[in-house]
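The next block holds one structure in the form of C-alpha cells; read it before the comments.
Order of the sequence lines fixes the chain letters, A, B, ..., with proteins taken first and strands second; residue numbering starts at 1 for each chain. Side chains included, hydrogens not; waters and symmetry mates left out as well; all remaining heavy atoms used. Quick caveat, the model's predicted, so the values are computed rather than measured.
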There are 2 protein chains.
Amino acid sequence: MGASKVDIYSAEINDMATIAKVFAHPARVAILQYISKQEGCICNDIVDEIGLSQPTISQHLKVINEAGLLKGNFVGKSICYCLNINRFQEFQELFNSFFNKTKSNCC
Amino acid sequence: MGASKVDIYSAEINDMATIAKVFAHPARVAILQYISKQEGCICNDIVDEIGLSQPTISQHLKVINEAGLLKGNFVGKSICYCLNINRFQEFQELFNSFFNKTKSNCC
DNA sequence: TTTTATCATCGTAATATTGCAATATTACAT
DNA sequence: ATGTAATATTGCAATATTACGATGATAAAA
C-alpha cells in the first residue's frame with residue numbers, strides 16, 4: 001500500500017494528521033523558524049541558510065503554503081515569504097485542543 | 001531520494017519533526033484518542049474500533065510506543081495499553097514552545 | 001532586446017511508509 | 001504437553017516522500 005485509508009476516520013482526526021504532517025519534516029520546521037526570525041520577512045536565502053537545493057526548498061515551501069501558513073509578497077524579482085500568524089495560531093489551538101481532550105479523560 | 005537529510009538540522013528541529021511524525025497519520029491519532037477515552041485502560045479492541053487489520057494496528061502501536069507515549073500492562077494474554085500522560089504532556093509543551101517561539105518574532 | 005537573477009515545475013532515482021497475509025511468539029487454560 | 005486466544009514480526013506489494021538536475025517562466029537590469 002503506502003496510502004493511508006483516509007475515509008475511515010473522522011474529519012477532525014484527518015485534519016489533525018494533515019496538519020501534523022507539515023511539521024513532520026525537519027526542513028519544514030527549519031524553514032518556519034527561519035522565516036519567523038527575519039525582520040521584514042526577507043526572501044530566498046532560505047536555500048543558503050538550510051543546506052538543500054532550491055527545488056527541494058521550493059517543494060517544502062509549497063507544502064507549507066498549501067497548509068495556509070504562508071503569505072508571499074513579490075518584491076522585485078524576489079518573493080518575500082512571511083508566516084501567516086493567524087493560521088499558525090489556529091494550528092496551535094488545534095494541537096492544544098487535541099492534547100487537552102486526549103489527556104483529560106485518560107486512565 | 002526519500003531520506004531526509006537529518007544531519008544538517010539542529011537536534012531541536014529534528015526532535016520536533018520526529019514527534020510530529022507520530023501524529024502525522026490518522027490511525028495513530030485515532031488510536032491515541034481511543035486509548036485515552038477508555039476508563040481504566042482497556043485492552044486490544046482497537047482493531048475492531050478502527051477499521052484496520054491487526055498487524056497494521058500493531059505496527060502503529062509500535063511507532064507510538066517508540067515515542068514513549070504508551071504504558072502497557074499485561075493482563076492475562078492481553079495487553080492493556082495506556083497513555084503515558086507525562087510524556088504526552090511533554091510533547092504538548094514542546095509543541096507550544098515551538099509555536100510560541102516561532103510566532104513571537106515574526107514579520 | 002538580451003542578459004541575469006529568482007523562483008516554480010517536471011522528470012526521475014532513492015528511500016520511506018502503509019497495509020495486509022502468513023507466520024511466529026507469548027501466556028494462559030485444560 | 002496441547003490447544004487457544006492475543007499480539008508481534010516478517011515479507012511483500014502499492015504508494016508516498018524526499019531530493020536534485022534540467023528546464024521554464026517572469027521581471028528587473030544592462
From CD1 of B:I46 over to C1' of D:dA8, roughly how many Å is that when rounded to an integer? 14 Å

On the nucleotide C:dG19, are OP1 or OP2 found under 4.0 Å from the side-chain N or O atoms that B:S53 carries? no

Between A:F91 and B:F95, is the ring centre distance below 6.0 Å? no

Is any N or O donor-acceptor pair between the side chain of A:Q54 and the base of C:dA8 shorter than 3.5 Å? yes

Answer yes or no: does a side-chain N or O of A:H60 lie under 4.0 Å from OP1 or OP2 of D:dT17? no

Interatomic distance where NZ belongs to B:K5 and C1' belongs to D:dT17 [whole Å]: 15 Å

First of A:T56 and A:S4 reached from the 5' end of DNA chain D, by closest nucleotide: A:S4

Interatomic distance, A:L61 CG vs D:dT17 P [rounded to whole Å]: 17 Å

With a cut-off of less than 4.0 Å, is there a side-chain N or O of A:K62 near OP1 or OP2 of C:dC7? no

Ignoring hydrogens and angles, are the base of D:dA19 and the side chain of A:Q59 linked by a donor-acceptor pair under 3.5 Å? yes

Whichever of B:V63 and A:I57 has the more 5' nearest nucleotide on DNA chain C, that residue is A:I57

Can you tell me if the side-chain N/O atoms of B:Y81 get under 4.0 Å from OP1 or OP2 in D:dA8? yes

In whole Å, what is the span from the CD1 atom of A:I50 to the P atom of D:dT18? 14 Å

Scan A:L52 against the nucleic acid and name what it touches under 4.0 Å (heavy atoms): base, sugar-phosphate only, or nothing. sugar-phosphate

Kindly give the heavy-atom pair with the smallest separation between A:Y81 and A:I35, and that separation in Å. O-CG2, 3.7 Å

Please work out which of the three classes, parallel, tilted or perpendicular, describes the rings of B:F99 and A:F88, given edges at 30° and 60°. tilted

Would you kindly give the CG-to-P distance between A:D48 and C:dT6, to the nearest whole Å? 9 Å

Interatomic distance, B:I64 atom CD1 to B:R87 atom CZ [nearest 0.5 angstrom]: 13.0 Å

Closest approach to the side chain of A:S58, judged atom by atom: which nucleotide of C:dA8, D:dT15, C:dC20 is it? C:dA8

Rounded distance in Å - CG (B:D45) to C1' (D:dA5): 14 Å

Atom NE2 of B:H25 and atom C1' of D:dT15: how far apart are they, to the nearest Å? 12 Å

Within this structure, what is the NZ-to-C1' distance between A:K21 and C:dT17, rounded to whole angstrom? 10 Å

Should A:L94 and A:E90 be marked as a side-chain contact (heavy atoms from CB on, under 4.5 Å) after you check the CA-CA gap, both sets of side-chain angles, and the distance that decides it? CA-CA 6 Å; A:L94 251 157; A:E90 230 178 277; 5.6 Å; no

